[in-house]
Amino acid sequence: MAQFTRVSRSVGLITLQNPPVNALSAVTRQGIVDAVKSALGDPKVKSVVICGQNGIFCGGADIKEFGTNITGPPLVPMIHAIEASNKPVVAAIEGSAFGGGLELALGCHYRVAHSKAKLGLTEVTLGLLPAAGGTQRLPRLIGVPAALNLITTGRHVTAAEALQLGIVDQVTDHNTVDEAVKFALSVAGKSLDARRISTYPCPRPSDVDALFEEVMQKVRQSARGAIAPIACVQAVRAAATLPYSQGMEREQELMATLFTSGQARALQYCFFAQRAVGRWSMPSGARWDTSKPRSIRKAAVIGLGTMGRGIAVALAQAGLSVVAVETQEKQFTEAKKMVSGMMERGAKRRGTAPPLDKITYSQNIQAVADVDLVIEAVFEDMALKEKVFQQLSTICKQGTFLCTNTSALDVDHLASQTRNPELVVGMHFFAPAHVMKLLEVVYGPRSSPQAVATAMQLGKKMGKVSVAVGNCRGFVGNRMLKPYLEQALFLLEEGATPELVDGALEEFGFALGVFKMSDLSGLDVGWKIRKGDGLVEPGLASGPSARIRQGRRYSPLGDLLCEQGRFGQKTGQGWYRYDKPGSRVARYDPWLHSFLEEYRTQHGIVARRMDQQEVLERCLYALINEGFRILEDGIAAGPEDIDIIYVFGYSWPRHRGGPMFYASMVGLAKVLKRLEHYHQAHPDIPYMQPCNLLRRLVASGSPPVHKWKEAIKKLRSQL
Ligand SMILES: CCCCCC/C=C/CC(=O)SCCNC(=O)CCNC(=O)[C@H](O)C(C)(C)COP(=O)(O)OP(=O)(O)OC[C@H]1O[C@@H](n2cnc3c(N)ncnc32)[C@H](O)[C@@H]1OP(=O)(O)O
């Protein structure tokens, strides 16, 4: 709702009251319409201030209303009525003014913002465009290029930037409502002719066609198949080329298409899923709201390789004191230099001072004796990690949480090396750890709820999206990745090329296809793991048995490349050719293509033509099937956890909502049918066999994704 009061005798104060973010729900819109009517009808009121309660102006339209039968007064006429008022209306912006919230403020005649406020037309991140006049008013106010930047990215701007751009008229460090009331008193009775943004001419760039063509090209490239950014460009173009009323018609037309699109559903699902993963639960019944985290002031990182360095930087940037330990002299010296450089670059970007004094370095593990939490990031070798955990257990003070950054190894086994296994959890960061947003918090059967709560809270403090998951080989992300990577190799054996596979995946929306991504990560990483698992046999043996390892189909293609010293970008050769070691542009490599042909001949494989659909189905459905197994095993609490891991950690296109959401959009029955088909065609690939949970969900009528958790619980209780 919205409350109307009169303050300072002549200022009508309208306060949006819809916790937690004052979203513009039907009741709130009705409240605003009524309050505006009261303010304009009250002869004692000479000017009006609109604000939001509890320190936030407005989080925009109520996203929960989308996809329902929307009732109540529509936003557009409501904002027009405010703009048309002959009493000045001032928006008092505290906290956030996002989406429809900022559009409401743009309908006001003046805007006063608190210095800590953030503003943005964020609709594009939800698969929409600012359809309450935002695409028409913002370019009129700040010009076409700046408006395009804000609208196509959904970027948040600070109050200072908003002032510079001309979005707000005043920024204050004081009480925003008091300042806005003063402002409203000062403008009462003044002409509003020059204050109604919809009446402004839109500044027309000299060569409109060239500008929009260039922007459209850039947007298409970065959108990776998302349709909303394109529609945003089209709407702003309408502002630049048409009168306001026709521009509004175009805005509504474009919005109508986006509003019911699958992409909008996927992006809105991601919005809520990102928040849902914070409400974690463990199979023991422990939950986010009943488990108290301990506050962590001082942390240690053991091992300053690539991961350890990134983790140390992320901890220091979050304001923690960090003890960074590396026992190897060469790595120690190199790491100190690298970490300082990373912090300096980050600080420069943020315009702050680098937190160099937050980190102390040591070559002696004894230096961690007084820290509250340790993150072990030594080389991925169980024997080495066992030793580190045994040492930590005796060195650290009572109650120190011991975390491992392993990407796949058994967290519970490491816990068993310590005196207090309940204090052990996995904190699986993604490279580069100071940049990537995802953190998998891995609990073993003995991890205490407090240890999980503490790791989750620390992740949040570090700006990560943290997801709590159970302990199994590869946890959620890497466990699902394995069948995806293997399918890609099998496709190569059967006749595909890296270009075909990567092309299909990139067209689907991944930033990089699987082979380009492997070249970037380094092919030797997986090679070492496969060697450890006893899967690698040197040389190019022939015959079908050479491609069966441990009773199932295996492709030695990756091993053969590594034997040639082709480790990807870092060696200048992998699945592609690079101009020099470390170069990033992947080029077609004739050597690789003859190698594949030779390989097929040696193994008696006749290459066949395959299309993008087969590539997508085999790679993605294999990954999704493993996701269902993960849900079945209770390793992830729900599909949202898996989807957020994939969107934030594995560059799954957000506008496709994550793998489990995508499966629900494709239709579970179809995914099941295609998996059955591929399993029949490839009986030697056990993970292509559709998982029981998938079968049961299909048998129970393929419930929508938000009902899976409930359905899984019910199915479990029937077992
Ligand atoms: C044909 C229709 C025509 C419509 C024309 C007009 C179109 C307008 C489109 C829009 O306005 S779309 C919405 C645009 N708004 C946003 O993108 C903002 C989304 N929210 C946020 O970014 C953040 O929530 C926040 C406002 C910055 C606050 O962040 P904070 O970290 O403080 O809290 P959260 O945990 O994120 O949120 C708390 C709580 O509130 C729920 N919520 C947030 N925003 C909305 C919203 N706009 N609608 C509904 N619910 C919202 C959020 O889900 C959390 O709920 P939970 O249950 O606690 O998880």
Side-chain angles (χ1 to χ4, degrees), residues 16-29 32 52-80 93-107 114 116-138 150-151 153-158 228 231-232 235 248-261 263-265 267-280 288-289 437 460-461 463-466 638 640 644 654 706:
L16 312 192
Q17 295 180 332
N18 184 16
V21 302
N22 298 321
L24 297 166
S25 63
V27 176
T28 310
R29 296 196 304 276
I32 297 172
Q53 73 169 8
N54 298 333
I56 173 163
F57 181 69
C58 176
D62 185 345
I63 308 165
K64 289 190 182 109
E65 277 184 356
F66 299 167
T68 67
N69 180 22
I70 300 179
T71 57
L75 267 182
V76 171
M78 181 187 99
I79 294 174
H80 273 143
I93 302 172
E94 289 177 296
S96 318
F98 287 157
L102 179 53
E103 292 180 281
L104 168 64
L106 291 175
H114 190 267
K116 295 218 166 89
K118 292 269 170 70
L119 298 86
L121 289 179
T122 49
E123 286 90 340
V124 70
T125 65
L126 297 164
L128 306 174
L129 55 74
T135 66
Q136 304 306 299
R137 283 196 181 90
L138 195 63
L150 260 58
I151 292 172
T153 61
R155 172 169 95 74
H156 301 173
V157 297
T158 60
C232 286
M248 281 303 286
E249 275 170 29
R250 183 75 178 125
E251 179 188 274
Q252 298 307 305
E253 211 175 271
L254 290 161
M255 176 65 154
T257 316
L258 296 179
F259 200 66
T260 50
S261 69
Q263 292 196 4
R265 274 173 63 194
L267 287 159
Q268 288 156 28
Y269 163 83
C270 281
F271 175 84
F272 289 115
Q274 190 176 336
R275 279 143 186 91
V277 297
R279 297 188 283 270
W280 55 272
W288 63 285
D289 52 351
K437 291 281 277 180
K460 194 169 179 187
K461 199 166 174 190
K464 305 291 176 199
V465 177
S466 310
E640 295 86 354
I644 288 303
R654 195 177 165 100
H706 66 273

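Atoms within a ligand are numbered from 1 in the order they appear, just like the ligands themselves.
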With a 4.0 Å heavy-atom cut-off (strictly under), which part of [X] contacts ligand 1: side chain, backbone, both or neither?
{"X": "Leu75", "value": "side chain"}
{"X": "Thr125", "value": "neither"}
{"X": "Gln252", "value": "neither"}
{"X": "Asp62", "value": "both"}

If you have a sec, work out which protein heavy atom is nearest [atom] and how many Å separate them, to one decimal?
{"atom": "atom 22 (O) of ligand 1", "answer": "Phe98 CD1, 3.8 Å"}
{"atom": "atom 36 (O) of ligand 1", "answer": "Arg275 NE, 2.7 Å"}
{"atom": "atom 48 (N) of ligand 1", "answer": "Ile63 N, 2.9 Å"}
{"atom": "atom 50 (N) of ligand 1", "answer": "Lys64 NZ, 4.0 Å"}
{"atom": "atom 9 (C) of ligand 1", "answer": "Glu123 CG, 3.3 Å"}
{"atom": "atom 44 (N) of ligand 1", "answer": "Val21 CG2, 3.4 Å"}

Heavy atom to [atom], shortest distance: which of [options] holds it?
{"atom": "atom 40 (O) of ligand 1", "options": "Pro74, Gly133, Gly134, Pro20", "answer": "Pro20"}
{"atom": "atom 15 (N) of ligand 1", "options": "Ala23, Gly59, Gly99", "answer": "Gly59"}
{"atom": "atom 7 (C) of ligand 1", "options": "Met255, Glu251, Gln268", "answer": "Met255"}
{"atom": "atom 46 (C) of ligand 1", "options": "Gly101, Ala61, Gly60", "answer": "Ala61"}

When you measure from the side chain of [X] to the backbone N and O of [Y], does any donor-acceptor pair fall under 3.5 Å?
{"X": "Glu94", "Y": "Phe57", "result": "no"}
{"X": "Glu251", "Y": "Thr135", "result": "yes"}
{"X": "Arg155", "Y": "Leu121", "result": "no"}
{"X": "Lys460", "Y": "Ser466", "result": "no"}
{"X": "Asn22", "Y": "Gly59", "result": "no"}
{"X": "Gln252", "Y": "Ala131", "result": "yes"}
{"X": "Glu65", "Y": "Ala26", "result": "yes"}

Ligand 1 and [X], any nitrogen or oxygen pair closer than 3.5 angstrom?
{"X": "Thr122", "value": "yes"}
{"X": "Arg279", "value": "yes"}
{"X": "Gly100", "value": "yes"}
{"X": "Ser96", "value": "no"}

Under-4.0 Å heavy-atom contact between protein and [atom]:
{"atom": "atom 33 (O) of ligand 1", "answer": "no"}
{"atom": "atom 59 (O) of ligand 1", "answer": "yes"}
{"atom": "atom 30 (P) of ligand 1", "answer": "no"}

With a 4.0 Å cut-off on heavy atoms, does Lys118 reach ligand 1?
-> no
Below 4.0 angstrom from a heavy atom of Leu126, which ligand 1 atoms are there? Numbered from 1 as shown, please.
-> 12 (S), 13 (C), 14 (C), 17 (O)
Ligand-residue contact atoms, ligand 1 with Phe272, heavy atoms, under 4.0 Å | 53 (O)
Could you check if a side-chain atom of [X] sits within less than 4.5 angstrom of a side-chain atom of [Y], using non-hydrogen atoms only?
{"X": "Ile70", "Y": "Arg29", "answer": "yes"}
{"X": "Gln136", "Y": "Met248", "answer": "yes"}
{"X": "Ile63", "Y": "Leu126", "answer": "yes"}

Thr125-Thr122 side chain donor-acceptor pair, cut-off 3.5 Å = no
Does a side-chain N-to-carboxylate-O contact under 4.0 Å join Arg275 and Glu640?
-> no
Step through it carefully: locate the ring centre of Phe98, locate the ring centre of His156, and say whether they are under 6.0 Å apart.
-> yes
Quick one: which of Ile79, Val27, Leu24 gives a side-chain contact (heavy atoms from CB on, under 4.5 Å) with Ile32?
-> Leu24
